[in-house]
Novice: 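Can you read through this structure? Questions will come right after.
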2 protein chains.
Amino acid sequence: MTLKGSRRVTPKQRVTINAVAERAGVSISTISRVLNGRDRVSPETRARVLAAIRELGYRPSALARGLASKRTQTLGFVIPTLTDPFFMGIVAGVERAAAQSGYSLLVSCEPYAAKGRSYARLFHERRVDGLILVGIRLTRADIEEFQDHHFPVVLIQQTVGGLLPSVTADNYGGAKALVEHLISHGYRRFAYIAGSDYTPDNAERFRAMRETLAAHGLDLPDSCVASGDYTHEGGRRAMTELMERGCNPRAVFAANDQMAGGAILAIKERGLQVPDDIAVVGFDDVALARFTSPPLTTVRQPTYEMGYQAARMVLHAIEFPDERMPLSVVLPTELVRRESCGCKPDSR
Amino acid sequence: MTLKGSRRVTPKQRVTINAVAERAGVSISTISRVLNGRDRVSPETRARVLAAIRELGYRPSALARGLASKRTQTLGFVIPTLTDPFFMGIVAGVERAAAQSGYSLLVSCEPYAAKGRSYARLFHERRVDGLILVGIRLTRADIEEFQDHHFPVVLIQQTVGGLLPSVTADNYGGAKALVEHLISHGYRRFAYIAGSDYTPDNAERFRAMRETLAAHGLDLPDSCVASGDYTHEGGRRAMTELMERGCNPRAVFAANDQMAGGAILAIKERGLQVPDDIAVVGFDDVALARFTSPPLTTVRQPTYEMGYQAARMVLHAIEFPDERMPLSVVLPTELVRRESCGCKPDSR
DNA sequence: GTGAAAGCGCTAACAG
DNA sequence: CTGTTAGCGCTTTCAC
């Protein structure tokens, strides 16, 4: 009653459903009904309620709603790092899809190797309605927990033996196309700069490279495989190591663009030319790829789409709990020819 | 009682505080006490409770806690875009600070010009404990609302006349240093490629440029100011426009690195050299800045620190509601000399 | 079509 | 130190 007749838009006292009910002269159930649009309400009552809501500037508490309804309209999103440009697109895609459906996004950062199970917190404590996980190591128990609860989860950039739905890019196909392109340039001696071992995409790319080379009767000696860590500096170190080790490749494939950029630098520091002495290619097609000198030949990953798709999938699973989700979606990758592979500028 | 004696770690039925109380043979208040560590509890009781919690795999519901305690342990974070590398660092810093304090992060994307007031949703409906806003246009009413509620908000990269706390980088100082450096190269004819008008940092950089030039008796004709939109393509178009317009600058300052990259491209397309014919500098020092050819001279912004600091400030304000927050924190920027300004590679 | 009442799972006085 | 009792602000049967 203290609020009756007031028209403040910015009340000091939080406006609750009770205030609205009082103002509209109905019960709180009716307010809830027009809010959720489930049962039907007579047009006049609805109008009165809507008016009261507007006049009081009422905003339902998501907490109370969640507690009562057991649905939080919130998605949980766990990602290894927020500083890598590759992940930016994924985040953007997930955010977009969530926002479009009126869902909020709880973002948590958990490094690859961490066994923090931070997703568990989102799942158990924050009661998110669904989860999007990238770069998380899941135990069998984790997986079973999701399955038992029939809980919507989608993995990005990794799979767990078909036990959980996932969205990945065609790493194998992309790497294969890349290596074949290199081979078509006539190169015969190759080297690979690996990313961290934790990541399944690194493994896929490496496998694609070995197999593609083998299919062409080419070899990849152990001395021509170096370990980076997906950073520019790591790529530079790895390339230097490769050259000091006497690998002497004609073309090197770095598991991502940053490392490829570092490799180019290391090669130039040795007084050699890219691509004339050594060709370099990367993976991901992040922003910097077009700015390296020479511009980097690489494989584009549809990061935004991956995030968007994954989020759409969990959103769909939330809305239709009984439908089975597609178990794995593989998005196409695309070879982006620039000049670091030996292509001419014009040929693009 | 149904749970008594069970030792399941992954219960089908959600484990509530009641189950734990029953199991431990105490009341729920005691559970709450050991959970929150506020009142003291006898060591034995505590041990029993902890054991019960572990055995049942109990996880308190953040929803219920939030509803009862009026604190959600959640920060709201609104940012114009997630696809710009410049913002990546900010996001990472905010996430880190939040996670360190055990806070969850609700992320929302709202483009510069949008009057969506998406922060309002976080504030009113999700009941976040604090807000970090970047690139949001606030009305006077918005500001007063925060002040009336004594609500912790920190702005990043913008200020509202000292009415709300903010964290910004020293855009003016950075731009000034940059322009002075250009002048020290002996350049006399300048051009500016602006970012979007919405952003205050663009304005600051522009003002710094004008004033610094003026202080040196130099002029910046209107014909030598073009509008970009912070994208690579925008910078390229703006630079082309500048040249067609007959501006003929000796050095151009683009409001961010992406545009500078685009400008370099446009200049080369005209058959001119950077920096010999036209020097180009950018702002931000994002990843690609070191990969352009020539490498870009720019101003580093401490994006991660900005995000981290801002989050720390709201966290502090949440914990100590009575202290006054520092009204504005300005973080230093740093001139990064590479080669696009005309410096020699060695001089770094 | 609408209201009453019982929770949702916790915290926070207030008693002992 | 611990238990009892109200709520927190909604949704959801179940009546009417």
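All chains are named by letter (A, B, ...) in the order of the sequence lines, taking the proteins before the strands, and each is independently numbered beginning at 1.
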Novice: Report all side-chain donor-acceptor pairs from residues 153-165 of chain A shorter than 3.5 Å, counting only partners two or more places apart or in another chain.
Specialist:
{"residue": "A:Gln157", "atom": "NE2", "partner": "A:Asp201", "partner atom": "OD2", "Å": "2.4"}

Novice: For B:Arg48, give me all partners under side-chain hydrogen bond (donor to acceptor under 3.5 Å, both in side chains), at least two apart in sequence or on another chain.
Specialist: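 With sequence neighbours excluded, B:Arg48 shows a side-chain hydrogen bond (donor to acceptor under 3.5 Å, both in side chains) to no residue whatsoever.
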Novice: In whole Å, what is the span from the CZ atom of A:Arg38 to the P atom of C:dG1?
Specialist: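 For the pair A:Arg38 CZ and C:dG1 P, the rounded distance is 17 Å.
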Novice: Sorted by first residue and then second, give each side chain to side chain donor-acceptor pair (under 3.5 Å) pair with at least one member in residues 317-330 of chain B; sequence neighbours left out.
Specialist: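 Counting only pairs at least two positions apart or across chains, the side chain to side chain donor-acceptor pair (under 3.5 Å) contacts touching residues 317-330 of chain B are B:His316-B:Glu323.
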Novice: Among residues at least two apart in sequence or on other chains, which ones pass side-chain hydrogen bond (donor to acceptor under 3.5 Å, both in side chains) with A:Glu125?
Specialist: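 With sequence neighbours excluded, A:Glu125 shows a side-chain hydrogen bond (donor to acceptor under 3.5 Å, both in side chains) to A:Arg121, B:Arg59, given in chain and number order.
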Novice: Output all residues satisfying salt bridge (Lys or Arg N to Asp or Glu O under 4.0 Å) with A:Asp84, sequence neighbours left out; order by chain, then residue number.
Specialist: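 Partners of A:Asp84 by the salt bridge (Lys or Arg N to Asp or Glu O under 4.0 Å) criterion come out as none, since no residue qualifies.
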Novice: Which pairs, protein N/O on one side and nucleotides 8-10 of chain D N/O on the other, fall under 3.5 Å?
Specialist:
{"residue": "D:dC8", "atom": "O3'", "partner": "B:Lys70", "partner atom": "NZ", "Å": "3.1"}
{"residue": "D:dC8", "atom": "O2", "partner": "B:Ala68", "partner atom": "N", "Å": "3.3"}
{"residue": "D:dG9", "atom": "OP1", "partner": "B:Lys70", "partner atom": "NZ", "Å": "3.4"}
{"residue": "D:dG9", "atom": "N2", "partner": "A:Ala64", "partner atom": "O", "Å": "3.4"}
{"residue": "D:dC10", "atom": "OP1", "partner": "A:Tyr58", "partner atom": "OH", "Å": "2.9"}
{"residue": "D:dC10", "atom": "OP1", "partner": "A:Ser61", "partner atom": "N", "Å": "3.3"}
{"residue": "D:dC10", "atom": "OP2", "partner": "A:Ile17", "partner atom": "N", "Å": "2.7"}
{"residue": "D:dC10", "atom": "OP2", "partner": "A:Tyr58", "partner atom": "OH", "Å": "3.4"}
{"residue": "D:dC10", "atom": "O5'", "partner": "A:Tyr58", "partner atom": "OH", "Å": "3.0"}

Novice: Considering only distance and modelled atom types, tabulate donor-acceptor pairs under 3.5 Å from the side chains of residues 64-75 of chain A, sequence neighbours left out.
Specialist:
{"residue": "A:Arg65", "atom": "NH2", "partner": "A:Asn36", "partner atom": "OD1", "Å": "3.1"}
{"residue": "A:Ser69", "atom": "OG", "partner": "A:Arg65", "partner atom": "O", "Å": "2.7"}
{"residue": "A:Ser69", "atom": "OG", "partner": "A:Arg71", "partner atom": "N", "Å": "3.3"}
{"residue": "A:Ser69", "atom": "OG", "partner": "A:Arg71", "partner atom": "O", "Å": "3.4"}
{"residue": "A:Thr72", "atom": "OG1", "partner": "A:Arg127", "partner atom": "O", "Å": "2.8"}
{"residue": "A:Thr72", "atom": "OG1", "partner": "A:Asp129", "partner atom": "OD1", "Å": "3.3"}
{"residue": "A:Gln73", "atom": "OE1", "partner": "A:Tyr103", "partner atom": "OH", "Å": "3.4"}
{"residue": "A:Thr74", "atom": "OG1", "partner": "A:Thr72", "partner atom": "O", "Å": "2.8"}
{"residue": "A:Thr74", "atom": "OG1", "partner": "B:Arg126", "partner atom": "NH2", "Å": "2.3"}

Novice: Identify each atom pair where a protein N or O and an N or O of nucleotides 13-16 of chain D are less than 3.5 Å apart, giving names and distance.
Specialist:
none

Novice: With salt bridge (Lys or Arg N to Asp or Glu O under 4.0 Å) as the rule and sequence neighbours excluded, what pairs involving residues 91-106 of chain A come up?
Specialist: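 Sorted result for residues 91-106 of chain A: empty, none.
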Novice: Holding to side-chain hydrogen bond (donor to acceptor under 3.5 Å, both in side chains), I want the full list of residues that pass it with B:Thr83, two or more places apart in sequence or in another chain.
Specialist: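 For B:Thr83 the side-chain hydrogen bond (donor to acceptor under 3.5 Å, both in side chains) partners, ignoring immediate neighbours, are B:Thr81.
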Novice: For B:Arg46 and for A:Gly66, find the nucleotide of DNA chain D with the closest heavy atom, then tell me which residue's nucleotide is more 5'.
Specialist: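 Result: B:Arg46.
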Novice: Which atom pairs, one a donor and one an acceptor, fall under 3.5 Å between side chains of residues 302-315 of chain B and the rest of the protein, sequence neighbours left out?
Specialist:
{"residue": "B:Tyr308", "atom": "OH", "partner": "B:Gln100", "partner atom": "OE1", "Å": "2.5"}
{"residue": "B:Arg312", "atom": "NH1", "partner": "B:Ser101", "partner atom": "OG", "Å": "3.3"}

Novice: Whole angstrom is fine here: how far is it from CD1 in A:Ile31 over to P in C:dA4?
Specialist: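 So the CD1-P distance, A:Ile31 to C:dA4, works out to 13 Å.
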Novice: Rounded off to whole Å, could you give me the CD-to-P distance for the B:Gln73 and C:dC10 pair?
Specialist: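 Rounded to whole Å, this separation is 15 Å.
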Novice: Examine distances only and state if a side-chain atom of A:Asp142 and a backbone atom of A:Thr139 form a donor-acceptor pair shorter than 3.5 Å.
Specialist: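 Such a contact is found between A:Asp142 side chain and A:Thr139 backbone.
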Novice: Kindly calculate the angle separating the two end axes of the helix from C:dG1-D:dC16 to C:dG16-D:dC1, each obtained from five base pairs, and round it to 10 degrees.
Specialist: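 One end's axis against the other's: 30°.
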